[in-house]
There are 2 protein chains.
Amino acid sequence: MAQPASGNGLGIDIEAIREYVQVQRRKHLAGQSICHAGQPFHAIYLVHAGSYKICELADDGREQISGFRMRGELIGVESIGLKAYASDVVALENSEAWELPYPAVLRACLHVPELQSHLTSALAAEIRCDRSWMLMLGTLAAERRVAAFLLDVAARYARLGYSAKHFILRMSRIDMASFLALKHETVSRALSHLHDMSYIDVQRREVRVLDVDGLRSMAGMSTALN
Amino acid sequence: MAQPASGNGLGIDIEAIREYVQVQRRKHLAGQSICHAGQPFHAIYLVHAGSYKICELADDGREQISGFRMRGELIGVESIGLKAYASDVVALENSEAWELPYPAVLRACLHVPELQSHLTSALAAEIRCDRSWMLMLGTLAAERRVAAFLLDVAARYARLGYSAKHFILRMSRIDMASFLALKHETVSRALSHLHDMSYIDVQRREVRVLDVDGLRSMAGMSTALN
DNA sequence: CGACGCGTTGAGCAGACTCAATCACAGTGG
DNA sequence: CCACTGTGATTGAGTCTGCTCAACGCGTCG
């Protein structure tokens with residue numbers, strides 16, 4: 001049911017909607033934004049390469065990363081129904097996202113009923129993913145959150161066909177910390193400690209997972225499933 | 001953009017879909033559940049009276065309240081696309097929710113295109129609401145979270161036509177604490193302190209707001225807007 | 001090379017937690 | 001009617017996790 005979760009598993013079938021939606025390929029250099037909070041909302045995006053971070057902003061300047069997106073995941077869906085985007089989205093590395101103008105997507109839904117239920121399911125999956133992280137952040141201590149985060153990243157790389165045991169973190173410690181509601185020093189210490197306990201091997205952004213079950217038990221996930 | 005937020009403002013127009021969807025009124029006594037995580041998903045619900053809490057569950061027994069719902073708000077949308085409900089939903093008092101069988105809702109969307117965009121917007125609003133709380137929980141100290149929570153409750157009562165200055169909290173300190181990722185003693189102390197500072201008057205579950213702007217500035221919300 | 005951003009590590013502090021006692025209140029049964 | 005019980009709320013005292021402040025190392029880039 002719950003599970004680690006992040007992004008939406010269900011990929012939109014691009015080919016099925018090409019007929020109705022004019023898809024634009026948008027490239028972004030590391031640090032460039034897809035959209036800023038407050039800018040007119042006109043499209044959602046499907047990540048095609050690289051990765052992005054989503055940043056929530058408060059009136060008084062507080063801000064927090066609410067998630068990271070990689071290939072096959074949607075961006076901007078939380079702004080549906082609004083006049084303007086609700087958050088900033090920034091490329092973590094040189095990346096590419098496909099722009100799907102939202103009015104066209106809505107029109108396509110009328111012609112392709114499965115698309116409608118796909119979109120709805122994707123939105124619901126996004127909610128479950130957020131809720132799952134709220135649970136993590138609300139109930140796990142710092143080190144356990146970091147363990148859960150690593151497992152999530154690993155699972156997402158695995159889904160894309162990359163190694164779940166050896167990967168490069170695309171985001172800085174500060175971004176990780178912001179997402180996990182911690183300070184970057186705490187994240188750093190947690191990683192060092194996981195290293196000391198031989199759960200992982202970590203050098204800067206390069207991570208090697210040595211003991212998946214160890215990490216899983218820290219993150220409060222049954223080692224049996226998955 | 002962000003704002004306090006909770007539930008989805010947009011009420012589904014029941015009359016417009018009565019023709020396609022067989023709506024059942026379901027009453028629940030305090031403590032009774034609408035649904036349990038793992039039970040087959042078949043319907044979403046619209047709260048008609050009373051209030052409910054939504055509870056997320058982890059494999060290892062951890063659990064957390066992820067939100068509260070009152071009149072006009074939807075329940076169960078996060079389970080769309082799944083075979084089974086993702087969370088438990090429990091009535092906080094004697095309440096009533098209208099059951100909308102999901103397959104029928106989907107079918108109705110084909111006949112009433114506005115319903116489709118309404119539903120999508122409602123899901124997106126739910127995501128924004130969750131993100132807004134993630135930001136609160138991730139960036140505000142305990143007392144400020146409690147202040148933000150009170151303002152949110154007040155705003156929701158106001159929207160229903162009740163007083164925003166004097167209301168009864170329907171949930172226990174433990175439920176509030178769970179939602180705010182705190183311990184119930186901390187919530188209790190925070191409320192007492194807000195009382196000491198004359199921002200509120202609180203006796204058990206009865207709350208009187210004495211200084212809205214004071215609370216707003218604590219919660220990091222501009223006092224100008226709204 | 002020097003500057004800067006990022007990451008790591010240490011020492012001390014403080015906010016939130018834990019444990020525990022007490023109080024208020026509703027429900028129950030003698 | 002009141003003692004008894006159980007749950008929820010409040011408050012206190014002491015502890016500890018994660019934060020703050022600060023120094024330092026590494027790597028990149030101008």
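Quick note on labels: first sequence line is chain A, next is B, and so on, each numbered from 1. FYI, side chains are in, hydrogens and waters are out, and symmetry mates aren't considered; it's all heavy atoms of this structure.
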Item to check | More than 12 heavy atoms of other groups within 6.0 Å of Tyr162(A) OH | outcome: no
Next on the checklist: Can you confirm whether Arg131(A) sits close enough to Glu126(B) that some side-chain heavy atom of one is under 4.5 Å from a side-chain heavy atom of the other?
Outcome noted: yes
Checklist entry - Nearest-Å distance, CD (Glu143(A)) to C1' (dC16(D))? => result 14 Å
Checklist entry - Of all the choices, dT10(D), dG8(D), dT20(D), which nucleotide is nearest to the side chain of Glu185(A) once you look at every atom? => result dT20(D)
Checklist entry - Which of the following nucleotides, dC17(C), dT18(C), dT8(C), is nearest to the side chain of Leu182(B)? => result dC17(C)
Checklist entry - Under 4.0 Å between a Lys/Arg side-chain N and an Asp/Glu carboxylate O for Arg208(B) and Glu206(B)? => result yes
Checklist entry - Taking C-beta and beyond as the side chain, do Glu143(B) and Tyr199(B) meet within less than 4.5 Å on heavy atoms? => result no
Checklist entry - Do the rings of Phe68(A) and Phe149(A) sit parallel, tilted or perpendicular, given the 30° and 60° boundaries? => result perpendicular
Item to check | Nucleotide nearest Arg204(B) (side chain, heavy atoms from C-beta), chosen from dC17(C), dA9(D), dC19(D) | outcome: dA9(D)
Checklist entry - How many Å lie between NZ on Lys183(A) and C1' on dG15(C), as a whole number? => result 13 Å
Item to check | Spacing of Arg144(A) atom CZ relative to dT17(D) atom C1', expressed in whole Å | outcome: 13 Å
Next on the checklist: Which residue is it: Glu93(A), Glu96(A), Glu99(A)? I am looking for the one with a salt bridge (Lys or Arg N to Asp or Glu O under 4.0 Å) to Lys27(A).
Outcome noted: Glu96(A)
Checklist entry - Below 3.5 Å, does any donor atom in the side chain of Arg189(A) face an acceptor in the base of dT20(D), or the other way round? => result yes
Checklist outcome for this item: Within residues 164-178 of chain A, the residues having a heavy atom closer than 4.0 Å to DNA chain C are Ser172(A), Arg173(A)
Next on the checklist: Whole angstroms only, please: what is the NE2-P distance between His193(A) and dT17(D)?
Outcome noted: 11 Å
Item to check | Thr186(A) side-chain N/O to dG18(D) phosphate OP1/OP2 under 4.0 Å | outcome: no
Item to check | Residue pair Glu56(A) / Ser132(B), side-chain donor-acceptor N/O under 3.5 Å | outcome: no
Checklist entry - With a 4.5 Å limit on heavy-atom distance, are the side chains of Arg189(B) and Glu185(B) in contact? => result yes
Next on the checklist: Taking the nucleotide of DNA chain D with the nearest heavy atom to each, does His184(A) or Leu140(A) sit closer to the 5' end?
Outcome noted: Leu140(A)
Item to check | Closest to the Ala141(A) side chain, choosing from dC26(D), dG18(D), dA22(D) | outcome: dG18(D)
Next on the checklist: Tell me the interatomic distance from Leu191(B), atom CG, to dA16(C), atom C1', rounded to whole angstroms.
Outcome noted: 15 Å
Item to check | Protein-nucleotide distance (Leu180(B), atom CG; dG15(C), atom P), rounded to Å | outcome: 19 Å
Next on the checklist: Once you apply a heavy-atom cut-off of 4.0 Å, does Arg205(B) come out as touching a base, just sugar-phosphate, or nothing?
Outcome noted: sugar-phosphate
Next on the checklist: What's Ser192(B) touching, base or sugar-phosphate or nothing? Going by heavy atoms closer than 4.0 Å.
Outcome noted: sugar-phosphate
Checklist entry - Can you check the Glu93(B) CD to dA26(C) P distance for me, whole Å? => result 17 Å
Checklist entry - Quick one: His195(A) NE2 to dG7(C) P, roughly how many Å, whole number? => result 17 Å
Checklist entry - For the base of dC26(D), is there a side-chain donor-acceptor partner from Gln203(A) under 3.5 Å away? => result no
